[in-house]
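Structure first, commentary second.
Lettering of chains follows the sequences in order, A, B, ..., and the numbering in each one begins at 1.
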2 protein chains.
Amino acid sequence: MPPKVKTDAEKQTVRIAIMDAARELFIHQGVEAVTMRAVAQRVGYSATSLYLYFSDKEQLLRAVVDADVIKLAQALKSTLSISDPQQRFVQFGQHYVQFALTNPNHYRMMMMTQHPPCDPAFSSIEQNNPEQDAYSQLIGVVTSAWHAGVFKPTLTDPALIAQTVWAAMHGLCALQINLADDAWINWRPLESRMQAMLEMCLHGLMKESPHA
Amino acid sequence: MPPKVKTDAEKQTVRIAIMDAARELFIHQGVEAVTMRAVAQRVGYSATSLYLYFSDKEQLLRAVVDADVIKLAQALKSTLSISDPQQRFVQFGQHYVQFALTNPNHYRMMMMTQHPPCDPAFSSIEQNNPEQDAYSQLIGVVTSAWHAGVFKPTLTDPALIAQTVWAAMHGLCALQINLADDAWINWRPLESRMQAMLEMCLHGLMKESPHA
DNA sequence: GTGTTAAGTTAACGATGTTATCTTTATAAA
DNA sequence: TTTATAAAGATAACATCGTTAACTTAACAC
């Protein structure tokens, strides 16, 4: 029974309801639980109606994750106001890891699964807007620390530094998310690994012996 | 037309043929191309016959990947004979990255997708056998370097060192495999990132300024 | 009133993993 | 030699999934 003629705002409301339902399934039961039928049931629609709001499942998932990419940027934003460049750098990294490990399914979706490569032109996220783009935040944090002269003099490319430390932190998160329960590995406590990784990065990049 | 009664060796041959067909699809067209029907057609059987040799798709894939886990250990084995502990450490890391990036689909399967956690008791891989278990190789390499005193004195736990450097290298590989084509990131050349990561690890872990 | 169309639904298609059931044939027992 | 058994495989079929096509219903425009 279609009560007809929805304003754009109402449409947006439905869109968001669908995304919320998908997110709920996604977070608590992983990607494979997100079937169009399950989402539809949760939101009280028929499965095919979702296609009135999203062109396909991929786009629905992408919309869900995009919203949380922005949440990542928001989560990191608070560290940007730290005045000491090195402390800012450290805190930024720690917040990144914390976000990843408290939102493992989203992190997995963002960083650990293959999508069709994302074209910034068609993304809902505004590239280079520090409110939304965590990578540009990282570049900013590293660049300002670089200008402050905290890095070893042999390191001359802030983007390369950023990509290296990102990779290191990502590796920590990715192994934890995927292999933490693997009985093959006698894992050291997560806290120890975080600390060790952070210190390796600092000693490996900073000019003088830093304190994490 | 079943010509009946296969010896164990013949059965094994079929098993391997199935695995080879699956691997072929897997390597060249990714996981999603590996359907039971596609594998069956490639090997000249009906889809349901694969279930006479593998209990389900997951086990088939696992068997394929397990075989290549051993290949990883083989690929790393050559570095174990390097006499200088630090050089051995460096070469081990470089070979690891090289294996990951020349076998991205297998690496993705091994390290970047969620399986049911792997129980060593039921694995076809012999844990702690350096011929088959790359992680135990890593522990060995790090431990011997540690005994040789190449690490900073604050680093007292070889396993923690190993897990940290593994995470760092894994991060490099994982981002490359998943996000190399992402237009969002202005990636530095892979070679530069490898070099930078290696140097960060060395400076971050080694006692005195090392040369990569 | 009468179309028109937006907002939904139901039916259905093709693909997939998987199970149940049938077919065939080589061998073991009579 | 005949016959029962079981191995090796194929066909048919089921449930589930993403997705499309076709149908229904109700609010508005004239």
Applying side-chain hydrogen bond (donor to acceptor under 3.5 Å, both in side chains), can you list everything that pairs with B:Gln132, at least two apart in sequence or on another chain?
none
Please examine the side chains of A:Trp146 and A:Phe89, heavy atoms only from C-beta on, and report whether any two atoms are closer than 4.5 Å.
no
With sequence neighbours left out, the residues meeting side-chain contact (heavy atoms from CB on, under 4.5 Å) with A:Ala22 are A:Val34, A:Val39, A:Leu60, A:Val64
What is the distance, rounded to the nearest whole Å, between atom CD of A:Glu32 and atom C1' of C:dT16?
16 Å
Heavy-atom contacts under 4.0 Å between residues 60-68 of chain B and DNA chain D, which residues?
none
Could you check whether B:Arg23 pairs with B:Asp68 (Lys NZ or Arg NE/NH1/NH2 to Asp/Glu carboxylate O, under 4.0 Å)?
yes
Keeping to residues at least two apart or across chains, list the salt bridge (Lys or Arg N to Asp or Glu O under 4.0 Å) pairs with something in residues 127-138 of chain A.
A:Lys77-A:Glu131
Write out all pairs satisfying ring-ring contact (aromatic ring centres under 6.0 Å, His included) with one or both partners inside residues 16-45 of chain A, taking only residues at least two apart or from two chains.
A:Phe26-A:His106
Does NE2 belonging to A:His147 count more than 12 external heavy atoms closer than 6.0 Å?
no
Near DNA chain D, counting only heavy atoms under 4.0 Å, which residues of residues 7-15 of chain A show up?
none
Taking only residues two or more places apart in sequence, or in another chain, which ones meet B:Thr48 in a side-chain hydrogen bond (donor to acceptor under 3.5 Å, both in side chains)?
B:Ser46
Net bend of the helix from C:dG1-D:dC30 to C:dA30-D:dT1, end axes of five pairs each, nearest 10 degrees:
30°
Would you say B:His95 and B:Ser78 make side-chain contact, with heavy atoms under 4.5 Å?
yes
For A:Gln137, which of A:Leu76, A:Asn129, A:Thr79 qualifies under side-chain contact (heavy atoms from CB on, under 4.5 Å)?
A:Leu76
Just to be sure I understand the geometry, which residues of residues 33-55 of chain A put a non-hydrogen atom under 4.0 Å away from DNA chain D?
A:Val34, A:Thr35, A:Met36, A:Arg37, A:Thr48, A:Tyr51
Which pairs, with at least one residue in residues 158-182 of chain A and sequence neighbours excluded, count as a side-chain hydrogen bond (donor to acceptor under 3.5 Å, both in side chains)?
A:Tyr96-A:Trp166, A:Tyr107-A:His170, A:Arg108-A:Asn178, A:Tyr135-A:Gln163, A:Gln176-A:Arg193
C:dT19 C1' sits how many Å from B:Asp56 CG, rounded?
13 Å
Is the shortest heavy-atom distance from the side chain of B:Phe92 to the side chain of B:Leu80 under 4.5 Å?
yes
Quick one, B:Met194 and B:Gln98 - any side-chain contact, counting heavy atoms below 4.5 Å?
no
Which salt bridge (Lys or Arg N to Asp or Glu O under 4.0 Å) pairs, counting each pair once, include a residue from residues 50-67 of chain B, with sequence neighbours left out?
none
Short of 4.0 Å, heavy atom to strand atom, which residues of residues 24-31 of chain B count as contacting DNA chain D?
none
In terms of side-chain heavy atoms, does B:Gln195 have a donor or acceptor partner in B:Glu199 at a distance below 3.5 Å?
yes
